[in-house]
Amino acid sequence: MILCEWKDFNTDTEAYTLDAFEKSIGDEFHAMDMKDGEEIPSYIWTTNYVVIVKQNARIYQDVSFIKIPRNPVCE
C-alpha cells in the first residue's frame, strides 16, 4: 500500500523518524510503499530519488538505503 504520510519504523539498531530519514538521505519525503503485514517499507519516494529499503538479514534486523535518481536527464 502506498502511504503519502510518513510512518515511523524501527530496526534493532535504529528508529527511523521523518526528520532522521530526510537528514540521512538529504532529500524531502513524498511517499512510501508498505507491504501488508510488514513493519519496514520496501520503497520510499523523495523529491529527487526512489529509495530502495534493503533489509540486511544477519544476527539483528537492520536496513540500508539504495538511492536511485528520479527522472534522470538523458543527453
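Under the 30°/60° scheme for interplanar angles, the aromatic rings of Phe9 and Phe65 are found to stand perpendicular.
Taken together through direct or relayed side-chain contacts under 4.5 Å among Ile, Leu, Val, Met, Phe, Trp and Tyr, Phe21 and Ile68 form parts of separate hydrophobic clusters. Criterion: ILVMFWY side-chain heavy atoms under 4.5 Å apart, direct or through other members. Under it, Val53 and Met34 are part of a common hydrophobic cluster. The cluster map of Ile, Leu, Val, Met, Phe, Trp and Tyr, joined by side-chain heavy atoms under 4.5 Å apart, puts Met32 and Ile40 in the same cluster. No path of Ile, Leu, Val, Met, Phe, Trp and Tyr side chains, each step under 4.5 Å between heavy atoms, connects Ile52 with Ile44, placing them in separate hydrophobic clusters.
Summarising the geometry of Ile25 relative to Lys67, their closest heavy-atom pair is O-NZ, 3.3 Å, with the distance given to 0.1 Å. Of all non-hydrogen atoms in Ala31 and Ile2, the two that sit nearest each other are CB-CG2, 4.2 Å. The two residues Leu18 and Asp8 have their closest heavy-atom pair at N-OD1, 3.9 Å. Of all non-hydrogen atoms in Cys4 and Phe29, the two that sit nearest each other are O-CE2, 3.8 Å.
The CG atom of Asp62 sits 5.5 Å away from the CG atom of Asn56 when rounded to the nearest 0.5 Å.
Counting only residues at least two apart or in different chains, side chain to side chain donor-acceptor pair (under 3.5 Å) contacts with residues 41-50 comprise Asp27-Thr46, Asp27-Asn48, His30-Thr47. Legend: salt bridge (charged side-chain N to carboxylate O under 4.0 Å, His left out) pairs involving residues 36-56, not counting sequence neighbours: none detected.
A 4.5 Å side-chain heavy-atom check between Trp6 and Asp19 finds every atom pair outside the cut-off.
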